Amino acid sequence: MRDEYDAVIVGSGPNGLAAAITLARAGCSVLVCEANAAIGGGARSAELTLPGFVHDICSAVHPLAAGSPFFRALPLERFGLEWIQPEIPLAHPLDDGTAACLYRDVDFTAEQLRGDSSAYRRLMKPLARNWEKLANEFLQPMLHLPRHPMALARFGIPALCPANSLAKILFKHEAAQALFAGIAAHSFLPLESIASSAFGLVLGMAGHAVGWPIPRGGSQGIANALANYLRELGGKIEANHRVENLDDLPKSRAVLLDVSVWEFLHIARGQLPSAYRRRLESFRHAPGIFKIDYALSEPIPWKAEACRSAGTIHLGATMDEMAAAERDVARGKIPERPFVLVAQQSVFDETRAPRGQHTLWVYCHVPLNCGADMTDRIESQIERFATGFRDCILSRHKTRAADLEKSNPNLTGGDINGGAANLMQLIARPILSPTPYRTPMKGIYLCSSSTPPGGGVHGMCGYHAARVALHDCFSTRKP
Ligand SMILES: Cc1cc2nc3c(=O)[nH]c(=O)nc-3n(C[C@H](O)[C@H](O)[C@H](O)COP(=O)(O)OP(=O)(O)OC[C@H]3O[C@@H](n4cnc5c(N)ncnc54)[C@H](O)[C@@H]3O)c2cc1C
C-alpha cells in the first residue's frame, strides 16, 4: 500500500509543530493529529473565567521561545506572533516591602543588588553575552561534541551545583540569593539537588539576553503562528483526533510522537522491545502543579512598586522558605507556604481583559497527582505581598494536578515538563544516546519534552527529532 503522507506527527504542541515544520520545509508531506479540539498543547489560551478575559491555559512567559534558535529562524511575526516585553522581566518581593528584580540590563540588575553587585555581574555578564552560543549547546542532547567548549565550561561548572549552595557561595545578601533561588526553582528540583542551578542560570541569562516576553493576545499566538506557517508549507492538521494505538495511524514513512514517555507506553501497547520498555517505565515524573487563573477588577495592589511593572513575580520571600517548600513537594508533602509563580499579562497586553480589569496566572508546585485545593495557601502568599488582593477577585478557575491531563494526555499527574529534569534525566532523556529521539521501532520517533532539551516552549525537541527522521527516512532531503 502507498504511503498517505511522508510523515505523521502525533500532537500539535510546540514540539509537534516544530517537527512538522522542519519536515515540511524539507519537502515532506505531513499530517499532524491532535487529540484536543484546540491546537497548541502547552501554548493555548481561552476564556476560562468570564467573557473577555483571555487566560493562558498552560505556558505564559516565554524566554525559551524568544531565545529558541529554531523559532528565531522562522517567519512567525508574519503569522501574527508579536512579543511584548514587560518593563521588568521578573520581580521577587521580600517581606520588608522591597523587591529584588531581574532587569534586561545585567549592570543595572547588579547595581540594585547592593553588596552582591560584583558577584552578580561576574556570574551573569559572560553568560548573557554568550546566549546564542550557549543556547545552541544546551538546547540539544547532552551527549554531543560542543562547538563552544569554553563558553559551555563557564556555564556547566556552576550549573552542576545545587542552587542553594551556589547562591550562598556567590551572594552575601538575601535579595540576590532569593532572586536566584526563585529562578532555579523552575526546575521543580529541591534546591539542594545537583544541577538545580542550571535552570537559574539558563532562565536568568535568557532574561538578560532575550527577556521574559509574553505573546500579544495569549500563548495561543505562538501555536497559531506555527500552525499557519505549517499550513502555508502544505502541512495538514487534524484536531479531535486522539491516537489510541500506533497501528491506527495513516500509512507513512515516519511517525513523530509529541507525546510523553507514559503516553508513548500507552499507544505503543506491547510493541516495544522489553529493555527499551523497562527503561521508559523507570523514567521519573517531576512533581505536579496546582494552577489558578483569575479575573480581577483591578491591578494587584503590590506593596513593592517594582512588582507593578513586572511581567513575572516569584512569591517565596527567602531562599530558605523556597527550599523548604520544594523539599516538601519532593517528599510528597503539601507545603504550608508554597513557592508561587505569578504572571500578570494584562498589565502589558490590553487584549487580555476588558478595559481596567485584569487576568492573573498563578501556580505552585505540589506532589505528583495531588488532589489538594491550594487556593487558600496561594492567596495567603499573594496577600502577604499585596494586601487587599482578595478584594480584587471577580472569578477563579482552578486546575488541580490530578486534573491537568484531562486537557492534555502529556500532563499525567500534573507533571508539566514531560518528566523530572534531574541530572540523570537531563543526560538520558529518555535514553542515553546522542539521538535519543530514535526508538527501537523503525520509523517511530519521540519528539516531546520527554526528549532533550526537555520542558518549555522552544520547539527544539521537535526540531532535533525531525532532523534525525530526515536523516533516517528521507536522506535525500535537507532540513
Ligand atoms: C500550567 C503550565 C504552565 C507552563 N508554563 C510555561 C511557561 O510559562 N513557559 C514555558 O516555556 N513553558 C511552560 N510550560 C511548559 C510547556 O508548556 C511545555 O514544556 C511544552 O508545551 C511542551 O511542548 P510539547 O510539544 O512537548 O508538548 P505539549 O505542549 O504538551 O503538546 C502535546 C500535544 O500532544 C497532544 N497529544 C498527546 N497525546 C496525544 C495522542 N495520543 N493523540 C493525539 N494527540 C495527543 C496533546 O493534546 C497536546 O496538544 C507550562 C506548562 C503548563 C502545563
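As the structure lists them, so they are numbered: ligands from 1, and atoms in each ligand from 1. In this text the structure is predicted, and so the values were computed from the model without any measurement.
The proximity of H241 to ligand 1, defined as any non-hydrogen pair under 4.0 Å, is limited to the backbone. With a 4.0 Å heavy-atom cut-off, ligand 1 is reached by no atom of T399. If you look at C33 next to ligand 1, the close heavy atoms, those under 4.0 Å, all belong to the backbone. Neither the backbone nor the side chain of L64 has a heavy atom within less than 4.0 Å of ligand 1.
In this structure, W361 counts as a contact residue of ligand 1, since one of its heavy atoms falls inside 4.0 Å of the ligand.
By heavy-atom distance, the residue among K291, E34, E244 lying nearest atom 35 (C) of ligand 1 is E34. Closest heavy-atom approach to atom 7 (C) of ligand 1 within the set P14, S219, S59, A343: this belongs to S59. The option from T451, D258, I416, I214 that lies nearest to atom 27 (O) of ligand 1, judged by heavy atoms, is D258.
The shortest N or O to N or O distance between L411 and ligand 1 is not below 3.5 Å. For a threshold of 3.5 Å applied to N or O pairs, the pair formed by S407 and ligand 1 contains no separation below that value.
Scanning for side chain to side chain donor-acceptor pair (under 3.5 Å) contacts around N410 gives an empty result, with sequence neighbours left out.
Within the 4.5 Å cutoff, the side chain of E244 has heavy atoms near those of the H266 side chain.
For residues 439-449, every residue pair satisfying the side-chain hydrogen bond (donor to acceptor under 3.5 Å, both in side chains) rule, not counting sequence neighbours, is listed here: Y445-D472.
Nearest heavy-atom pair, D56 versus S219, reported as atom, atom and distance to 0.1 Å: OD1-N, 2.8 Å. Residues L411 and C58 approach most closely at CD1-SG, 4.4 Å, considering heavy atoms.
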